[in-house]
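Every chain is numbered from 1, with letters handed out A, B, ... down the list of sequences.
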Amino acid sequence: MFLKAKKEISKIIAEATGLTQEEAFSSLEMPKGEFGDLACKAAFLLAPKEKKAPAQIAAELIPKLKKHKFVEKAEAMGPYINFFFTEKFYVDALKDIMKKGKSYGKGKKKGKAMVEFPSVNPNKPWHAGHLRNAILGDSVARVLAHSGWDVESIDYIDDLGLQVAQSLWGYMHLGNKPSGKFDHWLGAQYVEVAKRMETDQKVQAETRELLKRMEEGNNDISKKARWLAEECVKAQYATDFSYSIFHSGLIFESDIVHTIFHEGLDMVKENNAIVLEKEGKNAGCWVVKLGEKFQKMQDPDKILVRSDGTATYTGKDLIFQLWKLGKLKGKFKYKPFIKQPNGEEAFATGGTAPKPFGNSDMVVNVIGSEQIYPQEVIREVLLRLGYGKDAARYVHLAYEHVTLPDEKFSGRAGTWKGYTADELLEESVRRAKEKISKDVPESEKDKIGRAVGEAAIRYSFVRTTPEKKLIFKWEEALSLEGNSGPYLQYAYVRARKIMEKTEEKPSISAKYKFQPEEKKLIRELCAFPELVERSASAFRPHMLADYSYMLSELFSRFYNLCPVLKAEEDVRKTRLGIVKSFETVLGNSLTLLGMPLPEKM
RNA sequence: GGGCCCGUAGCGCAGCCUGGACAGCGCGGCAGCCUUCUAAGCUGUAGGUCGUGGGUUCAAAUCCCACCGGGCCCGCCA
């Protein structure tokens, strides 16, 4: 509704100024202070053409502006034209939000998008770093879905890597019985094997042999490795679920190798996107020649197939990405893998049933920024194959890694111990539970603690823009006050509580005179749909985190200044509408960030 | 040699895409507010050469160039 009004007003401005409607639209902004409800800076644009001072232009434009039903008055304030809305605008805005409810902010249908995350090796528990990837990916998937995309969240499971071979060796030879959570146990085996491999030639040789058998497939070792990987992923997904992170499908690398890899490689070869090197240091390899594009790089050519015929990581990834974009005939067969708490089954490759995964109009890969170059290589190959449109919608959502204050997380060295996603949540929940007021019954404390603890971590990870390094510190990750996840939940719970305390239905009075802090809050509620859109098209969920915080801040102010239940009838019913609208919009926003909405705190 | 990212208050961040009304927020500091819809809250206050230097512009944290500091990448590893 607000967006519609904005468009109508930009049309009026366009008529008065001779600007295009698009120019007029983008000259509109939400003013910061007490400068009305909508500000227009078109006078700046016109100043060079008309050779007059912007302030003079703004003043002269006022009488030329046609009336709009929501505009009470338009006045020039220096170079700005500030629009002040009628009370009717606020009435209609609240009605609109209440009518739309959960679908408020939902965008028009856009097509199919596949989001890949977090693709953790299936041989150890997730640590804080994997968690950042997963929270980012899950949030982006949620935001894209709300903005109108039909989203499939995919996880790539590298069950053919050296890491799994090492873990398998440990499983077979270290003689330890699995105990506790499987991923934690397996991770411990892996660290031990990795240590031994550095010095022990025998372990090295045996691990290599295991890896070879795994790659060959169809043998006892490969079956055992696959089983081990699946067990580990199931354990990792218990963590996944505890953070409300969900997937539609899991694609195992062993299935990529056996189902689509050769077809994909042949296609790339036939189209001359890659060449077989006859001489030089890459003799015998299939490479993408990138000397022209990346002229000054030390080694711009990228090997996709080694001289021994095996594929590199980028080689396999390229074929996988071609599958995502629907460029291959080969189809995976799926099996039900794990039932998720959101009620949906996640499917894994390696079964017997077809599924409509893939054929995506857009691909978003949540991968560390250290892989910018190989991802660029894949985009370049797409272009060379003539898939220009797909290349434009092939998105590498590059994020910076999480580190400890003094060291990096290393799977091999085991520096993740003490910082697994499970341990973070456990500690966060513990701290959250300590704060729950004494009158809440013990039976509910656990539920609330989980919701709050989870939100604290999700928020602290998602609120920073992805390209910023994140140094993990307990106090910051688990903050329960100020700009934190629980602050947002608290505002939500307070709104909810007001609604619960009365039987009365909200009803916006046409005669109501809105207070300034109410107007500010409602204006911000109106911004939600545009924000979803911007957040989706930039793949930046932190914009919604920022927005949710601002909204909660405005609500807290309203809460302190404007009594609801104690007010007179007209005021009360209208304010109930404000509370209800806030609850709706913040609820929608938090849901897009995967943050649970507690009933009380 | 080349490429990418980061640099905003003591600390942690938003704003940069699309230049414009006093650069916002949290933590920490200081001073207040609970017999009033939950104080995980609110109010006030102190704290800033927006890394540095140039340029473009009526106007630069925002765009361009150079430099400085930190991180990452250019592997027949993944």
Does R226(A) count as lying over the ring of F252(A), i.e. NZ or CZ under 6.0 Å from the six-ring centre, within 45 degrees of the axis?
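So R226(A) does make the cation-pi contact.
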Less than 6.0 angstrom from the centroid, inside 45 degrees of the normal: does R494(A) satisfy that with respect to the ring of Y559(A)?
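Verdict for Y559(A): a cation-pi partner in R494(A).
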Going by atom types alone, do Q371(A) and N365(A) pair a side-chain donor with an acceptor below 3.5 Å?
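Per modelled atom types, Q371(A) and N365(A) side chains form no pair under 3.5 Å.
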Going by distance alone, is a donor N or O of one side chain under 3.5 Å from an acceptor N or O of the other, for Q21(A) and K7(A)?
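On atom types as modelled, these side chains do not qualify, holding no pair under 3.5 Å.
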Members of residues 549-567 of chain A that approach RNA chain B, where some heavy atom sits under 4.0 Å away:
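When residues 549-567 of chain A is checked for heavy atoms under 4.0 Å from RNA chain B, the hits, listed by number, are Y549(A), E553(A), S556(A), R557(A), Y559(A), N560(A), C562(A), P563(A), V564(A), L565(A), K566(A).
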Does any N or O in the side chain of E23(A) come within less than 3.5 Å of the main-chain N or O of T20(A), such that one atom is a donor and the other an acceptor?
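Flag set: sc E23(A) to bb T20(A) pair under 3.5 Å.
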Provide the full list of ring pair (Phe, Tyr, Trp, His ring centres under 6.0 Å) pairs with a residue in residues 21-49 of chain A, sequence neighbours left out, each pair given once.
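As it turns out, the ring pair (Phe, Tyr, Trp, His ring centres under 6.0 Å) pairs with a partner in residues 21-49 of chain A, which skip direct neighbours, are F44(A)-Y80(A).
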Give V452(A) one of three labels, base, sugar-phosphate or nothing, depending on what nucleic acid heavy atoms sit under 4.0 Å from its own.
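V452(A): base contact, heavy atoms under 4.0 Å.
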Check every strand shown and say whether P54(A) touches a base, only sugar-phosphate, or nothing at a heavy-atom separation below 4.0 Å.
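Since no nucleic acid heavy atom lies under 4.0 Å of P54(A), the category is nothing.
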Hey, what are the protein-to-nucleotides 73-78 of chain B N/O distances that come in under 3.5 Å?
residue : atom : partner : partner atom : Å
C74(B)  : O2'  : D299(A) : O            : 2.7
C74(B)  : O2   : Q298(A) : N            : 3.4
G75(B)  : OP2  : D299(A) : O            : 2.9
G75(B)  : OP2  : D299(A) : OD2          : 2.9
C76(B)  : O3'  : R306(A) : NE           : 3.0
C76(B)  : O2   : S307(A) : OG           : 3.2
C76(B)  : N3   : S307(A) : OG           : 2.8
C76(B)  : N4   : K281(A) : O            : 3.1
C76(B)  : N4   : A283(A) : O            : 3.4
C77(B)  : OP2  : R306(A) : NE           : 3.0
A78(B)  : OP1  : R306(A) : NH2          : 2.7
A78(B)  : OP2  : R306(A) : NH2          : 2.7
A78(B)  : OP2  : Y313(A) : N            : 3.4
A78(B)  : O3'  : D158(A) : OD2          : 2.7

With [atom1] as the reference atom in both, quote the distance from [N] to [M] in angstrom, rounded to an integer.
{"N": "A40(B)", "M": "U35(B)", "atom1": "P", "answer": "15 Å"}
{"N": "G71(B)", "M": "G44(B)", "atom1": "C1'", "answer": "40 Å"}
{"N": "U49(B)", "M": "A61(B)", "atom1": "P", "answer": "14 Å"}
{"N": "C27(B)", "M": "A66(B)", "atom1": "C1'", "answer": "37 Å"}

Given atom [atom1] of [X] and atom [atom2] of [N], what is their separation to the nearest angstrom?
{"X": "E517(A)", "N": "C42(B)", "atom1": "CD", "atom2": "P", "value": "14 Å"}
{"X": "Y547(A)", "N": "C25(B)", "atom1": "OH", "atom2": "P", "value": "18 Å"}
{"X": "Q489(A)", "N": "G41(B)", "atom1": "CD", "atom2": "C1'", "value": "15 Å"}

Taking only residues two or more places apart in sequence or in another chain, which ones pass salt bridge (Lys or Arg N to Asp or Glu O under 4.0 Å) with [X]?
{"X": "R523(A)", "result": "D37(A)"}
{"X": "K435(A)", "result": "E481(A)"}
{"X": "E400(A)", "result": "none"}
{"X": "R572(A)", "result": "E504(A)"}

CD/E407(A): more than 12 non-hydrogen atoms of other groups inside 6.0 Å:
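Yes, because the 6.0 Å sphere around CD of E407(A) holds more than 12 heavy atoms from other groups.
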List, one per line, each side-chain donor-acceptor pair under 3.5 Å for residues 284-291 of chain A, sequence neighbours excluded.
residue : atom : partner : partner atom : Å
K289(A) : NZ   : E277(A) : OE2          : 2.8
K289(A) : NZ   : D301(A) : OD2          : 3.2

For RNA chain B, stems built from three or more consecutive Watson-Crick or G-U wobble pairs below 3.5 Å:
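Looking at RNA chain B, the stems formed by three or more consecutive pairs are B:1-7 with B:68-74, B:10-13 with B:24-27, B:29-33 with B:41-45, B:51-55 with B:63-67.
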Could you tabulate the donor-acceptor pairs under 3.5 Å formed by side-chain atoms of residues 451-460 of chain A, not counting sequence neighbours?
residue : atom : partner : partner atom : Å
E454(A) : OE2  : S244(A) : OG           : 2.6
R458(A) : NE   : L593(A) : O            : 2.9
R458(A) : NH1  : D138(A) : OD2          : 3.1
R458(A) : NH1  : Y243(A) : O            : 2.7
R458(A) : NH1  : S244(A) : O            : 3.2
R458(A) : NH2  : D138(A) : OD2          : 2.8
R458(A) : NH2  : S139(A) : OG           : 3.3
R458(A) : NH2  : L593(A) : O            : 3.3
Y459(A) : OH   : N483(A) : OD1          : 2.5
S460(A) : OG   : I457(A) : O            : 3.2
S460(A) : OG   : A477(A) : O            : 3.2

Looking at the angle O4'-C1'-N9-C4 for a purine or O4'-C1'-N1-C2 for a pyrimidine, is C34(B) syn or anti, with syn meaning within 90° of 0?
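Nucleotide C34(B) adopts syn.
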According to a strict under-4.0 Å criterion, is Y487(A) in side-chain N/O contact with OP1 or OP2 of C42(B)?
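Looking at the OP1 and OP2 atoms of C42(B), one of them is under 4.0 Å from a side-chain N or O of Y487(A).
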So, do F44(A) and G20(B) meet the stacking rule of ring centres under 5.5 Å and planes under 30°?
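Stacking is present between G20(B) and F44(A), given that their ring centres fall under 5.5 Å apart and the planes under 30°.
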Which residues share a ring pair (Phe, Tyr, Trp, His ring centres under 6.0 Å) with Y487(A), sequence neighbours left out
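Result, ring pair (Phe, Tyr, Trp, His ring centres under 6.0 Å) vs Y487(A): Y549(A).
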Grab the N/O contacts between the protein and nucleotides 8-19 of chain B below 3.5 Å, and write none if there aren't any.
residue : atom : partner : partner atom : Å
A14(B)  : OP1  : T465(A) : N            : 2.9
A14(B)  : OP2  : K468(A) : NZ           : 2.3
A14(B)  : O2'  : D546(A) : OD2          : 2.8
G15(B)  : OP1  : H542(A) : NE2          : 3.1

